[in-house]
**Student:** 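Structure below; questions to follow.
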Amino acid sequence: MKYNPLKIEKKWQKFWEQKKFYITPDKAKSKDNFYFLVEFPYPSGDLHIGHWYAFSVPDIAVRYWRMKGKNVMYPIGFDAFGLPAENAAIKNNLQPGDWTKKNIAYMTKQLKSMGAAFDWSRVVSTIDPDYYKWTQWIFLQFYKKGLAYRAKTLVNWCPKDKTVLANEQVIDGCCDRCGTEVVQKELAQWMYKITDYADKLIDDLEKVDWPEVTKTAQRNWIGRSCGAEIHFLLPNSTETIKVFTTRADTLYGATYMVLAPEHPLVTKLTKDQYLDSVGKYLEITKKKSELERASLEKEKTGVFTGAYAVNPVNNEKIPIWVADYVIGWYGTGAVMAVPAHDDRDFEFAKKFKLPIRAVIKPKAEWDFIGSAFVSDGVLVDSGDFTGYKSEDAREEIIEKLAKKGLAERRTNYKLHDWVLSRQRYWGAPIPMINCSKCGYKPVPENDLPVKLPKLEDYKPSADGRSPLAKAKEWLKVKCPHCGGEAERETDTMDTFVDSSWYFLRYADPHNKKAFADSDKMKNWLPVDLYVGGAEHNTMHLLYSRFFTKAMYDLGLLEFDEPFAVRINHGVILGPDSQKMSKSRGNVVNPDDLIKKYGADAVRMYLAFMGPYEQGGPWNPGGIIGVYRFLNRIWEMKEGVKKERGVLETQTIKENRVEVLNKESLERMFHKTAKKITDDIESFHFNTAISALMIQSNEMEKWGRFVPRSIFEGFIRLLAPFAPHITEDIWQNTLGHKKSIHLEKWPEYDPKLIVEEMIKLVVQVNGRARDVIEVMAGLDETAIREVALGSENIKKHIAGTEIKKTIFVKNRLINFVV
RNA sequence: GCUCGGGUGGCGGAAUGGCAUACGCACAUCACUUAAAAUGAUGCGGGAGAAAUCCCAUGUGGGUUCGAGUCCCACCCCGAGCACCA
């Protein structure tokens, strides 16, 4: 019978489902638990090859750890609320709920065709009221502790999607969903106080085994910088202007000050004759978009206010300017400008012909005409501090000013609080009630969930009012405080809120009384291994860490980092090396591939094509290689039905008879088993598959005489990679009664992976000149004798004297002449 | 500009400081076939040579070492993230 993947795969998938193999108990006798998490998909409607990469490749490791005797939980779910689903529903003229549920049903079917060891009994969907009840409940716990609050601030507004966005969702000034340029709007929004955790979020990165890229991305994103706020006095006034700086050592070089246009003192301190020009400047900046303002290409602009500030270290009067290169919300919105030691100030000073005064010098003489000197050095022209090193001067100057009340140490962060409210329909309602008498009051926990009402017209509106405002009946509610007439909050939550705790729910997905039972969480959490895309570095992964830390502080969790180990997978690109997209027409459809080659071949090829962290373009011709490999295994099984007890056979190669003996094949098998064991554990699936191919190439030489014991071991090694074909061979051909996926992983014998005969390289002057086959473990004297017997070596050292011999046991001998 | 990755055959890629190019794809020749597909065998970095064998080659230029794709220094290119954050 020919290899027919379609037929056998369906059959075994059904078998596994009926036998409930992958339904993971919370505890299993004498087995350690292993929580293996992959990012749950967003139900876009169709499984694409990227999903296969994300789920079927890690499934190799899942199946491996199960065979190794661990009780592995591999859950799956759907991140189903959110903008894209809603936009798709609008486009298709459907209810978002109908659209999403249809997609979930279809994708569930597709996911099952993957042959992954998902535990379908734990499936979680964020749109399920039983789920978002707890999303709302967690919000209320945060609210009670002041970690969720409402405030009016400048927020990112997407004019197309008609909603606010978190800072993390603005990419290069544009909405990360639709690409429209984001505008700044002052709106009252619900926020999570993630900034309270800025330090812990940076410092605790030490505790986790995550890729360095992810860690640095998070550190950069949080952007901690330690420095001081320094008070500049205004002449004839008690008022001061505070500036934030990390370079107090350059204070003597401050020649002017710059306020951001948003700074509250700008109009107040501007002198009469400058009011016109400053007013005009403020007008112009207001019209600029964030993107324009942030553009580095444009020339710096600014105006003088006519006012002066006094430098606290030397009582020098310096002019105060307004310029939009200073960011209003960061630090104090005001900076002291030290053009000699800051690139931006330098550029500005040159343009407006402001003085440039060097106060830090490297050892050598240095001229500031060309550019600013921004490194640390030694202070010059700095009063009492002349001669100090930068790093000392910083401390001392702050210290001195602090004593006079003119400075205080300060740490600033780039991180903003997380704006979680969205003026859109398709999300979990924020469980708050707005009473005209009492203000905002939380929905009593007993009334949760606040269910999302069905709305005929759920489209967003331009005025920033959520569509839920149209649900008149739903809106009306009694104030939980005074009992009077009140209205529900109409904003919904950002989807990232839903996904910030889903991994907790998998531990206890059907709990009606709590988001998860604490004993059940003990079984599984924190997550042992989390595999997902690098695009979540500063979003989902940061938010989840924040949730975990906040919930830990609330006493809801017993750990403060959610994911012990993180692996980022690469992205599969189209054959043209471009990102796959329908408009480009370079989308690879996994369903077609399965029909042609089977799920085993698809998963194996994805694992084989390169390092998992790397991803890369899909090569349409490549899959045939693993397909052929599986076919050869399929053919090979025919000869193995019976153990023939053959210890030796032969094959003819290049007209030479090659003698094959079972012992050396056995040794090779143990080496292969070790290689594959190590490779799976380190996620090097491509080299593991290569080792499988090498082993099978060797076994093929045996024709119909492949020793059964070795073949069975091989099938077990192959099982995590190609679960269907191995199951079929295991049960149907080899006649085992139980599933291969309940078998133990082959343990290799360390004694057998040591070769008896080894190929030892003979070098002359570090260049390989011969290879000799010798007994393993021979010492230098013996090897030297054999090596010097080689004709080619004799030739290379003829007429010269051996000055030195380098000998590496079992590897090489090198004669230096 | 800063931070983190990476640069190896026609292609995807392999190599604890020790035979560079494993494994696979593509390609070529042969076998099977009326033919093709499938399958199998052989070859496949460049150069010289009948061959044995030798020389050159891991982005570029230096260095360390008996020996460097691997370590160090400088530079070039590609990718990702951050970016007027004081």
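Protein chains get the first letters and strands the later ones, always in sequence-line order, with residue 1 at the start of each.
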**Student:** May I ask you to decide if the ring planes of A:F348 and A:F352 are parallel, tilted or perpendicular, using 30° and 60° as cut-offs?
**Tutor:**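 Aromatic pair A:F348/A:F352 classed tilted.
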**Student:** Quick one: label A:V816 by what it contacts on the DNA or RNA (base, sugar-phosphate, nothing), any heavy atom closer than 4.0 Å.
**Tutor:** sugar-phosphate
**Student:** Which base sits across from B:G79 as a Watson-Crick or G-U pair, both distances under 3.5 Å?
**Tutor:**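 Across all strands, the one nucleotide that pairs with B:G79 is B:C4.
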**Student:** When the nearest nucleotide of RNA chain B is assigned to A:V213 and to A:K414 on a heavy-atom basis, which residue is associated with the more 5' position?
**Tutor:**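 The residue whose closest nucleotide sits nearer the 5' end is A:V213.
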**Student:** Can a donor-acceptor pair under 3.5 Å be found between the side-chain atoms of A:E613 and the base atoms of B:G5?
**Tutor:**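 Absent.
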**Student:** Using the P atom as the reference point in each nucleotide, state the distance between B:U60 and B:G10 in Å, no decimals.
**Tutor:** 14 Å
**Student:** Applying a 3.5 Å limit to both distances, which nucleotide forms a Watson-Crick or G-U wobble pair with B:U33?
**Tutor:** none
**Student:** Scan A:S225 against the nucleic acid and name what it touches under 4.0 Å (heavy atoms): base, sugar-phosphate only, or nothing.
**Tutor:**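 Contact class for A:S225: sugar-phosphate only.
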**Student:** What's A:D343 touching, base or sugar-phosphate or nothing? Going by heavy atoms closer than 4.0 Å.
**Tutor:** nothing
**Student:** Ignoring hydrogens and angles, answer whether the base of B:U16 and the side-chain atoms of A:R811 contain a donor-acceptor pair closer than 3.5 Å.
**Tutor:**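 Answer yes: a donor N or O sits under 3.5 Å from an acceptor.
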**Student:** Base, sugar-phosphate alone, or nothing: which one does A:R632 contact when heavy atoms must sit under 4.0 Å apart?
**Tutor:**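 It contacts sugar-phosphate atoms only.
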**Student:** Under 4.0 Å, heavy atoms only, any strand: does A:Q614 hit a base, just the sugar-phosphate, or nothing?
**Tutor:** sugar-phosphate
**Student:** State whether a side-chain donor-acceptor pair under 3.5 Å links A:Y543 with A:E168.
**Tutor:**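 Distance-only check passes for A:Y543 and A:E168.
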**Student:** If I pick the C1' atom on B:G17 and the same atom on B:C25, what distance separates them, to the nearest angstrom?
**Tutor:**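 Those two atoms are separated by 31 Å.
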**Student:** With distance as the sole criterion, is a donor-acceptor pair present between the side chains of A:R566 and A:T214 under 3.5 Å?
**Tutor:** no
**Student:** Could you give the distance separating B:A22 and B:G69 at their C1' atoms, to the nearest angstrom?
**Tutor:**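 Straight-line distance between the two C1' atoms is 15 Å.
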**Student:** Would you measure the distance from the C1' atom in B:A50 across to the matching atom in B:A38 and give it in whole Å?
**Tutor:**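 Roughly 38 Å separates the two C1' atoms.
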**Student:** Would you say the side chains of A:S225 and A:N412 form a donor-acceptor pair under 3.5 Å?
**Tutor:**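 Their side chains do not contain a donor-acceptor pair, so the 3.5 Å distance test is not met.
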**Student:** Send over the distance from A:Y605 OH to B:C23 C1', rounded to a whole Å.
**Tutor:** 13 Å
**Student:** Classify A:H796 by what it touches in the nucleic acid, base, sugar-phosphate, or nothing, heavy-atom distance under 4.0 Å.
**Tutor:**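 Sugar-phosphate: the residue A:H796, judged by heavy atoms under 4.0 Å, touches backbone atoms but no base.
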**Student:** So A:R219, base contact, sugar-phosphate only, or nothing? Heavy-atom distance under 4.0 Å.
**Tutor:** nothing
**Student:** Taking the P atom of each, how far is B:A20 from B:C27, in whole Å?
**Tutor:** 30 Å
**Student:** Need the glycosidic conformation of B:G9: syn if within 90° of 0, anti if not. Which one?
**Tutor:** syn
**Student:** Base, sugar-phosphate, or nothing: which does A:N792 touch, judged by heavy atoms less than 4.0 Å apart?
**Tutor:** sugar-phosphate
**Student:** Using purine N1 to pyrimidine N3 plus N6-O4 or O6-N4 for Watson-Crick, or N1-O2 and O6-N3 for G-U wobble, both under 3.5 Å, which nucleotide pairs with B:U58?
**Tutor:** none
**Student:** May I ask you to decide if the ring planes of A:F685 and A:F721 are parallel, tilted or perpendicular, using 30° and 60° as cut-offs?
**Tutor:** perpendicular
**Student:** What nucleic acid atoms does A:P617 come within less than 4.0 Å of, heavy atoms only: base, sugar-phosphate, or nothing?
**Tutor:**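 Nothing, no heavy atom under 4.0 Å.
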**Student:** Does either side chain, that of A:T195 or that of A:Y413, offer a donor lying less than 3.5 Å from an acceptor on the other one?
**Tutor:**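 The criterion, which ignores hydrogens and geometry beyond distance, is not satisfied for A:Y413 and A:T195.
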**Student:** Taking the nucleotide of RNA chain B with the nearest heavy atom to each, does A:I694 or A:E212 sit closer to the 5' end?
**Tutor:**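 Closer to the 5' end of RNA chain B: A:E212.
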**Student:** Between the base of B:C84 and the side chain of A:K300, is one N or O donor paired with an acceptor at under 3.5 angstrom?
**Tutor:** yes
**Student:** Measuring only the C1' atom in each nucleotide, how far is B:C11 from B:A86? A whole number of Å is fine.
**Tutor:**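 Per the computed distance, 49 Å lies between those C1' atoms.
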**Student:** Within the 4.5 Å heavy-atom criterion, are A:L401 and A:V313 side-chain neighbours or not?
**Tutor:** yes
**Student:** Should the side chain of A:N814 and the base of B:C66 be counted as holding a donor-acceptor pair, with the cut-off at 3.5 Å?
**Tutor:** yes
**Student:** Taking the same atom, C1', in B:G59 and in B:G7, what whole-Å distance lies between them?
**Tutor:**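 Comparing C1' positions in B:G59 and B:G7 gives a spacing of 6 Å.
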**Student:** With a 4.0 Å cut-off on heavy atoms, is A:G621 in touch with a base, just the backbone sugar-phosphate, or nothing at all?
**Tutor:** sugar-phosphate
**Student:** Quantified in whole Å, what is the C1' atom distance between nucleotide B:G18 and nucleotide B:A68?
**Tutor:**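 Pairwise C1' distance, B:G18 against B:A68, rounds to 10 Å.
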